[in-house]
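Residue numbers count from 1 along this sequence. Order of appearance sets the numbers: ligands from 1, and atoms from 1 within every ligand.
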Amino acid sequence: MTPLEKVQARFRIEFGEAPAAIVRAPGRVNLIGEHTDYNDGFVFPLAIDRAAWIALRPRADSCVRVISLDMDDDQSFNLNDLPRPDATRWIDYIIGVAWALQRGGYRLAGWEGVLAGDVPIGSGLSSSAALELAAARAFYCVSDFDWDAAQMAQIGRAAENEWLGIQTGIMDQMISAAGVAGRALLIDCRSLESTPAPLPADTSIVILDTGTRRGLVGSAYNERRRQCEAAARHFGIAALRDIDLATFANRASELAPVIRRRARHVISENERTLQARAAMLAGDAEALGELMIASHTSLRDDFEVSSPALDAIVNCANAEPSCYGARLTGAGFGGCAVALVRRDAAEDFVRKVGAGYASATGNTPALYVTRASAGATTMQLGAPENTRL
Ligand code: ADP
Ligand code: MG
């Protein structure tokens, strides 16, 4: 059963009627522009065809009750007395969204419903942003406010950063809120302006999950952030977004070697990300693939966030003639890579790379061909999509 079928079926059992609305918000994969979001730079993700879904109906009181099928749990809270986060349970993401909305002056109504998703949890495809944006969309359905994708992304991020205390950039929430079907989105993480761009014709995006996770991603991520901030401070700029590669090259020797490498990754990655847009507009899959390969090299050697498993799966992918380019995606250290592949060869690519990587490393990978989907949406049963309750 799909998550949509699951939430509908359980809703009927639990509440004895069809849901008033169903919302979904997708996970994401980033094509290029890695570790640039917290440097006010550019990212180029697409919303994937896997999402968090909530079937819901309004409540007359100020309670929110959610049944999580994936966690096999049933939780409630009162909007007038939000319980503080407790070791980051799944419900804390929804409470955090309620908290951020209320802090932003949004008046919220209660609801109850069923949650399920098919974004793999903790593999770097941002099941957390999908949950946050689905929750925001659920509140939007039953309350009286307008949906502004960038604002809702900031609400989701505030929930994760400030309520849960988990540091993330804005990319995941932006793409989950604002994704466009069939398009990748160039996002300027300073202005939050986003520009859709078509993927090159006759290509497929393949997600390659190494099957490995690393526990210390959080502390390594925070260290990289501090190093980037130190480089920006040295140059007297607000963020590494504000310096181009030529200026950096002239002054790079002023920095300590590690900080220099970190900065060089971010500054060159911003340039590659902007070049990727030109490649997409020209429909040039080869050029886009080259940029992805260069991105991986920079992440591996300068930013040092790859891992043997990520390098192995990327090497297996790049060895296939049908692959234009592959790179690690997300924070790194484990999790997923992404590849741009000739569409007519995608299934063959999945089989060969899966087998080659498994025999080279002994790990069990998961590979999916994905499609670019729309950002957070509401399905009104029996009414046009995105109708309000
Ligand atoms: P990811 O890389 O997938 O975003 P995170 O660790 O950031 O991984 O977020 C995963 C957490 O988000 C889960 O532990 C859970 O608390 C919550 N979550 C995500 N998806 C779901 C879901 N479908 N149902 C319940 N909770 C979910
Ligand atoms: Mg997450």
>> I need the atoms of ligand 1 closer than 4.0 Å to a non-hydrogen atom of Pro120, numbered in the order shown.
In response: 3 (O)
>> Angle between ring planes, Phe303 versus His265, binned at 30° and 60°: parallel, tilted or perpendicular?
In response: tilted
>> As a quick check of understanding, evaluate ring pair (Phe, Tyr, Trp, His ring centres under 6.0 Å) for Phe333 and Tyr221, giving each step before the final call.
In response: CA-CA 10 Å; Phe333 301 108; Tyr221 177 87; 9.5 Å; no
>> Heavy-atom pairs closer than 4.0 Å: do any link ligand 1 to the side chain of Ser68, the backbone, both, or neither?
In response: side chain
> Taking the inter-plane angle between the rings of Phe139 and Trp111 on a 0 to 90° scale, is it parallel (under 30°), tilted (30 to 60°) or perpendicular (over 60°)?
Replying inline: perpendicular
>> I want to know if ligand 1 touches Leu115 in the polar sense, i.e. an N/O pair below 3.5 angstrom.
In response: no
> Do the side chain of Asp92 and the main chain of Asp86 share a donor and acceptor less than 3.5 angstrom apart?
Replying inline: yes
> Considering all protein heavy atoms, does one lie under 4.0 Å from atom 6 (O) of ligand 1?
Replying inline: no
> Which ligand 1 atoms, with their elements, are less than 4.0 angstrom from a heavy-atom of Asp70?
Replying inline: 22 (C), 23 (N), 24 (N)
> Do Thr168 and Asn161 have side-chain atoms, one donor and one acceptor, less than 3.5 Å apart?
Replying inline: yes
> Applying a 4.0 Å heavy-atom criterion (strictly less than), which segment of Ala129 is in contact with ligand 1: side chain, backbone, both, or neither?
Replying inline: neither
> Would you say ligand 1 has an N or O under 3.5 Å from any N or O of Arg89?
Replying inline: no
> In terms of atom number and element, which parts of ligand 1 are under 4.0 angstrom from non-hydrogen atoms of Leu131?
Replying inline: 17 (C), 18 (N), 26 (N), 27 (C)
> Among side-chain atoms of Asp49 and Thr370, is any donor-acceptor pair under 3.5 angstrom?
Replying inline: yes
>> Can you confirm whether Arg12 is buried at CZ, in the sense that more than 12 heavy atoms of other residues, nucleotides or ligands lie under 6.0 Å from that atom?
In response: no
> Can you check whether Glu160 has an N/O within less than 3.5 Å of an N/O in ligand 1?
Replying inline: no
>> At less than 4.0 angstrom from any non-hydrogen atom of Gly124, what atoms of ligand 1 do you find?
In response: 2 (O)
> Looking only at protein heavy atoms, which one is nearest to atom 15 (C) of ligand 1, and how far off is it?
Replying inline: Met71 CE, 3.8 Å
